[in-house]
Amino acid sequence: MCHVIVTCRSMLWTLLSIVVAFAELIAFMSPDWLLGSPRSDSSASGAGVDSGEYRPSLGLYSRCLRVGARGIGVSCGPYARTFGEVASGFWQAAMLFLAAGILVLAGVACISIFSLCFQSILKKSIFNICGLLQAIGGLLLMVGLMLYPAGWGSEKVINYCGAEALPFRPALCSLGWAFYAAIGGTLGSFLCAVLSSQAEIATSSDKVQEEIEEGKSLICLL
């Protein structure tokens with residue numbers, strides 16, 4: 001019989017697991033990892049046109065640039081049509097680790113929803129299994145984020161950040177929100193791993209067992 005068990009700690013773990021997975025996915029797809037050096041757009045002048053300096057952005061495989069004869073509008077899209085065209089070998093490796101970590105976290109996020117009804121898999125706590133996977137996912141993300149700045153010396157980054165750009169030195173560029181979101185998601189994955197043990201304790205407490213023995217199928221506890 002399926003017992004739907006909802007506690008504050010288990011619900012917090014489930015919601016945070018979903019948020020972390022989405023944050024990492026959005027950051028991975030965003031072009032706002034690096035904000036390029038300021039550029040002047042002399043062609044963009046006149047009433048109703050956003051003229052002056054602007055900053056292009058560069059992601060792992062995508063970028064945003066101002067386009068048009070008069071500099072009107074911003075075009076965002078992939079600069080690399082194939083994996084081999086990614087700006088740096090370090091970025092290619094970073095993408096692999098980040099994608100693996102996101103895949104693990106996304107899988108756990110899906111499983112966390114079903115944890116409301118199923119608390120064990122093959123007599124093993126689903127929370128402990130997911131917590132371990134989230135720690136592994138966090139480690140994969142950490143490796144990816146450590147590899148990312150090593151690719152700042154690539155030709156693509158130099159075009160955006162200036163000739164002084166070197167590995168771990170972005171020169172005229174600054175870090176965009178996507179990089180910080182990826183860091184936050186990585187820290188969140190480790191927090192989820194810690195909370196998973198608390199969720200397991202909450203759903204297997206004496207109060208929950210008493211509710212089950214009374215024949216209740218929906219159990220909600222603070």
Side-chain angles (χ1 to χ4, degrees), residues 20-44 50 52-110 133 136-189:
V20 165
F22 269 108
E24 287 292 343
L25 179 60
I26 293 173
F28 183 86
M29 298 173 63
S30 172
D32 295 324
W33 283 70
L34 277 178
L35 299 179
S37 58
R39 300 184 181 183
S40 60
D41 193 353
S42 57
S43 63
D50 183 16
E53 290 187 339
Y54 74 101
R55 303 190 72 178
S57 60
L58 179 66
L60 293 169
Y61 63 92
S62 57
R63 83 309 175 248
C64 283
L65 292 171
R66 182 175 290 183
V67 295
R70 300 180 62 190
I72 304 175
V74 176
S75 174
C76 297
Y79 68 81
R81 295 182 179 179
T82 64
F83 184 72
E85 293 179 356
V86 173
S88 166
F90 287 107
W91 283 16
Q92 293 174 355
M95 288 178 64
L96 292 177
F97 279 101
L98 291 173
I102 293 171
L103 183 62
V104 171
L105 294 181
V108 172
C110 294
L133 290 175
I136 294 174
L139 290 175
L140 291 171
L141 294 174
M142 183 181 296
V143 174
L145 290 174
M146 291 171 62
L147 288 170
Y148 169 69
W152 288 348
S154 65
E155 181 179 353
K156 190 76 173 179
V157 175
I158 290 175
N159 291 336
Y160 276 72
C161 305
E164 297 80 12
L166 295 171
F168 300 96
R169 182 185 174 187
L172 299 178
C173 284
S174 60
L175 295 173
W177 67 264
F179 181 77
Y180 293 111
I183 292 177
T186 302
L187 297 176
S189 67

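Every heavy atom of this structure was used, including side-chain atoms; hydrogens, water molecules and symmetry mates were not.
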Novice: I need the minimum non-hydrogen distance between Arg81 and Glu85, along with the two atoms involved.
Specialist: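 In this case the closest contact between Arg81 and Glu85 is N-OE1, 2.9 Å.
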Novice: Please give me the minimum heavy-atom distance between Met29 and Ser62, naming the atom from each residue.
Specialist: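 Closest approach of Met29 to Ser62: O-OG, 3.9 Å.
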Novice: Report the C-alpha separation of Tyr61 and Phe28 in whole Å, then their side-chain angles, then the decisive distance to 0.1 Å, and conclude whether the side chain to side chain contact (heavy atoms under 4.5 Å, CB included) test is met.
Specialist: CA-CA 9 Å; Tyr61 63 92; Phe28 183 86; 4.1 Å; yes
Novice: Mark yes or no for whether Tyr79, through its side chain, and Leu60, through its backbone, hold a donor-acceptor pair below 3.5 Å.
Specialist: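 The answer is yes, because a donor-acceptor pair under 3.5 Å joins these two groups.
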Novice: List the atom pairs, with distances to 0.1 Å, where a side-chain N or O of residues 86-102 and a protein N or O form a donor-acceptor pair under 3.5 Å, not counting sequence neighbours.
Specialist:
| from | atom 1 | to | atom 2 | distance (Å) |
| --- | --- | --- | --- | --- |
| Ser88 | OG | Phe90 | N | 3.0 |
| Trp91 | NE1 | Tyr148 | O | 2.8 |
| Gln92 | NE2 | Phe83 | O | 3.1 |
| Gln92 | NE2 | Gly84 | O | 3.4 |

Novice: Nearest 0.5 Å please: distance from the CG atom of Leu105 over to the CD atom of Glu24.
Specialist: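 Spacing of CG (Leu105) from CD (Glu24) equals 6.5 Å.
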Novice: Name every donor-acceptor pair, under 3.5 Å, that has one atom in a side chain of residues 161-183 and the other anywhere in the protein, sequence neighbours excluded.
Specialist:
| from | atom 1 | to | atom 2 | distance (Å) |
| --- | --- | --- | --- | --- |
| Ser174 | OG | Arg55 | NH1 | 3.4 |
| Ser174 | OG | Arg55 | NH2 | 3.3 |
| Trp177 | NE1 | Asp32 | OD2 | 2.9 |

Novice: State, to 0.1 Å, how close Ser189 and Gly138 come at their nearest heavy-atom pair, and which atoms those are.
Specialist: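 What the structure gives for the nearest pair is OG-CA, 3.2 Å.
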Novice: Give, for atom CG of Leu103 and atom CG of Leu25, the distance between the pair rounded to the nearest 0.5 Å.
Specialist: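 It is 10.5 Å, given to the nearest 0.5 Å.
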Novice: Rounded to the nearest 0.5 Å, what separates atom CH2 in Trp152 from atom OH in Tyr160?
Specialist: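 Between Trp152 CH2 and Tyr160 OH, I get 16.0 Å after rounding to 0.5 Å.
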Novice: Going by the rule side-chain contact (heavy atoms from CB on, under 4.5 Å), which residues pair with Cys110 if we only count those two or more places apart in sequence or in a different chain?
Specialist: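 For Cys110, no residue satisfies side-chain contact (heavy atoms from CB on, under 4.5 Å) once neighbours in sequence are set aside.
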Novice: For Cys64, run the side chain to side chain contact (heavy atoms under 4.5 Å, CB included) check against Pro56, Ser75, Ser57, Ser30 and tell me which one passes.
Specialist: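 Only match with Cys64 under side chain to side chain contact (heavy atoms under 4.5 Å, CB included): Ser57.
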